[in-house]
Amino acid sequence: VGMRPTTYEGLAEPYRRLLDRAALAMEKAYAPYTGFCVGAAVLTREGELFAGANVETASYVGVCAEAAALAAAVEQGHYEIMALAVISRSRFYDVTRVAGPCGACRQLINEFAQVTGADIDVICAGTRKDPIVVAKLSALLPLSFGPVDTETDVSRYRR
Ligand SMILES: [Zn+2]
């Protein structure tokens with residue numbers, strides 16, 4: 001429940017564009033240590049796309065592609081996120097299984113989903129965009145904790 005396996009052709013056009021934008025970002029990933037390149041893109045309420053790629057460092061402190069994409073949207077004043085797509089590839093092998101966002105990123109996505117006030121779609125893809133899984137955030141992060149739980153007013157971040 002809340003997770004739908006599909007294909008690239010099975011995606012609605014805006015989600016195809018979103019995944020393509022994530023794949024473009026993936027090509028710019030800075031991953032000299034693991035060779036695992038990730039790209040992510042978010043679709044805002046206004047229909048704009050913002051993308052990010054993962055960044056690794058020698059100290060193993062890094063930034064996930066999803067976090068980079070969300071930060072890019074925030075920096076432009078977009079806080080209401082309707083969907084997020086993530087795609088990955090390895091320099092050493094094809095990523096055939098669908099890798100979802102890490103735990104920390106699920107929390108980040110939940111933050112902005114609650115600003116939006118929607119159970120948003122997370123589109124997860126392997127390198128070849130086949131298979132693809134479209135998951136509801138609530139399926140990826142059940143019993144979540146967010147601004148709603150602390151009665152934090154985030155309305156100023158809505159348009
Ligand atoms: Zn992450």
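The first residue in the sequence is number 1, and the count goes up from there. Counting starts at 1 for both ligands and their atoms, following the listed order. Note that the structure is a prediction, hence the values are computed from the model and not measured.
The backbone N or O of Phe36 lies less than 3.5 Å from a partner atom in the side chain of Asn54, making a donor-acceptor pair. Side chain of Thr127 to main chain of Val95: a donor-acceptor pair is present (N/O by atom type, distance under 3.5 Å, no hydrogens or angles).
Looking at Thr34 and Glu56, their side chains do bring a donor and an acceptor atom within 3.5 Å of each other.
The only option from Arg128, Arg89, Lys129 that meets the salt bridge (Lys or Arg N to Asp or Glu O under 4.0 Å) definition with Asp94 turns out to be Arg128.
Aromatic ring orientation, Tyr157 versus Tyr79: perpendicular (interplanar angle above 60°, classes split at 30° and 60°).
Side-chain heavy-atom separations under 4.5 angstrom define the hydrophobic clusters, and the remaining members of the one that includes Val134 are Tyr8, Leu11, Tyr15, Leu18, Leu19, Met26, Leu43, Leu49, Met82, Ile87, Ile123, Ile132.
For the Zn ion (ligand 1), the count of nearby protein N, O or S atoms, meaning those under 2.8 Å away, is 3.
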